[in-house]
Amino acid sequence: MVPSELLPPAFFERDAREVAPLLIGVRLVVREGGQVRAGRIVETEAYCGPTDLACHARAGITKRTRTLYGPPGHAYVFLIYGMYDCFNVVVLGEGQGHAVLVRAIEPIAGVDPGASGAGPGRLTRALGITRADDGAPLTGGGRITLHPADRPARLARTARVGVAYAGVWADRRWRWLDKESAHVSRPPARSIGRVTARPRSAPSRP
DNA sequence: GACCGGATTATG
DNA sequence: ATAATCCGGTCA
């Protein structure tokens, strides 16, 4: 079962905060030789240009961010912590530095069933996406494509993961996930019946 | 030209 | 809690 309908270029020509929730449920397909690996997107995060201090665009246009600042509907893939690749979809417009990080999928086809973890680094490994795909088109003509959701999803919304260094930007709730998916990297914080907030630092000692 | 630290994950 | 493991961005 290979989906045929593609997300059109216009889909990506919007703010990352608008596109990120719309990508939940979208099917991500990677063709490699005769193989097809595919998954249903269940977790995304919006990164919103140079003013968003959690976004790589804060450094301006550099060797690394060239594709992030490139045309929408293309991939931005970068290396993190020296060992994992993260897959993003460039959105909004060329020169804007907006992108949506795809953090987790539900396996559809061709994904190693033994891979039980979740998260952006695991996702790229499972689908075979690498930095060689940086800048690749996602609207057709390349080996990676995106296809409309085939069913609606219940969305949850939280703050982004792993960006505590970004000050107030870390608190923006720009992460979306499928509330009913067991494949998210980290379940949404529950606030009922449990205290989830923890002090940022130990109490001062006299 | 050196140094720092990260949009993470597996393991203790 | 912490190691693993590159390399881009920054500052000199």
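Here is how names work: the chains are called A, B, and so on, in the same order as the sequence lines, proteins then strands, and each is numbered from 1.
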Tell me whether the side-chain N/O atoms of [X] come closer than 4.0 Å to OP1 or OP2 in [N].
X         : N      : value
Arg125(A) : dT8(B) : no
Tyr165(A) : dA7(B) : yes
His56(A)  : dG8(C) : no

* **Between Thr158(A) and Arg173(A), a side-chain donor and acceptor under 3.5 Å** =>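 There is no such pair (donor and acceptor under 3.5 Å, judged by atom type) between the side chains of Thr158(A) and Arg173(A).
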
* Asked: Can a donor-acceptor pair be found between the side chains of Asp134(A) and Thr67(A) at a distance below 3.5 Å?
  ->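 Indeed, the side chains of Asp134(A) and Thr67(A) share at least one donor-acceptor pair under 3.5 Å.
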
Round to a whole Å and report the spacing from [atom1] of [X] to [atom2] of [N].
X         : N       : atom1 : atom2 : answer
Arg64(A)  : dG8(C)  : CZ    : C1'   : 6 Å
Leu79(A)  : dT8(B)  : CG    : P     : 12 Å
Lys63(A)  : dT10(C) : NZ    : P     : 16 Å
Leu53(A)  : dG9(C)  : CG    : P     : 16 Å
Arg186(A) : dA7(B)  : CZ    : P     : 16 Å
Phe78(A)  : dC7(C)  : CZ    : C1'   : 13 Å
Glu45(A)  : dT8(B)  : CD    : C1'   : 12 Å
Asp134(A) : dG8(C)  : CG    : C1'   : 13 Å

Taking only the side-chain heavy atoms of [X] (C-beta and beyond), determine which of [options] contains the nearest atom.
X        : options                 : value
Ile80(A) : dG6(B), dT9(B), dT10(C) : dG6(B)
Met83(A) : dT10(C), dT9(B), dA4(C) : dA4(C)
Tyr81(A) : dG6(B), dT10(C), dC6(C) : dG6(B)

* Yes or no on salt bridge (Lys or Arg N to Asp or Glu O under 4.0 Å) for Arg151(A) and Glu106(A), after CA distance, side-chain angles and deciding distance? -> CA-CA 13 Å; Arg151(A) 58 184 141 120; Glu106(A) 279 176 7; 3.7 Å; yes

* To do: With heavy atoms under 4.0 Å as the rule, sort Arg160(A) into base, sugar-phosphate or nothing.
  =>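 It contacts nothing in the nucleic acid.
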
* Asked: How is Thr62(A) classified with respect to the nucleic acid when contacts are heavy atoms under 4.0 Å: base, sugar-phosphate, or nothing?
  ->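 Sugar-phosphate: the residue Thr62(A), judged by heavy atoms under 4.0 Å, touches backbone atoms but no base.
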
* To do: Could you tell me which nucleotide pairs with dT5(C) by Watson-Crick or G-U wobble geometry, both distances under 3.5 Å, or answer none if nothing does?
  =>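 Partner of dT5(C): none.
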
* Pair partner, dT10(C) [Watson-Crick or wobble, under 3.5 Å] ->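 Matched dT10(C) with dA2(B) under the 3.5 Å cut-off.
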
* Quick one: on DNA chain C, does Arg131(A) or Tyr84(A) contact a more 5' nucleotide (nearest heavy atom)? ->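 With Arg131(A) and Tyr84(A) compared, the 5'-side residue is Tyr84(A).
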
* Asked: Say you pick atom P in dA2(B) and the same atom in dT5(C); how far apart are they, in whole Å?
  ->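 Straight-line distance between the two P atoms is 23 Å.
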
* To do: From the options Asp178(A), Val100(A), Val19(A), Leu177(A), select the one residue that forms a side chain to side chain contact (heavy atoms under 4.5 Å, CB included) with Thr44(A).
  =>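 With Thr44(A) as partner, side chain to side chain contact (heavy atoms under 4.5 Å, CB included) holds for just one option, Val100(A).
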
* Only one of Val36(A), Thr124(A), Ile129(A) passes side chain to side chain contact (heavy atoms under 4.5 Å, CB included) with Val30(A); say which it is. =>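 When side chain to side chain contact (heavy atoms under 4.5 Å, CB included) is applied between Val30(A) and each of Val36(A), Thr124(A), Ile129(A), only Ile129(A) qualifies.
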
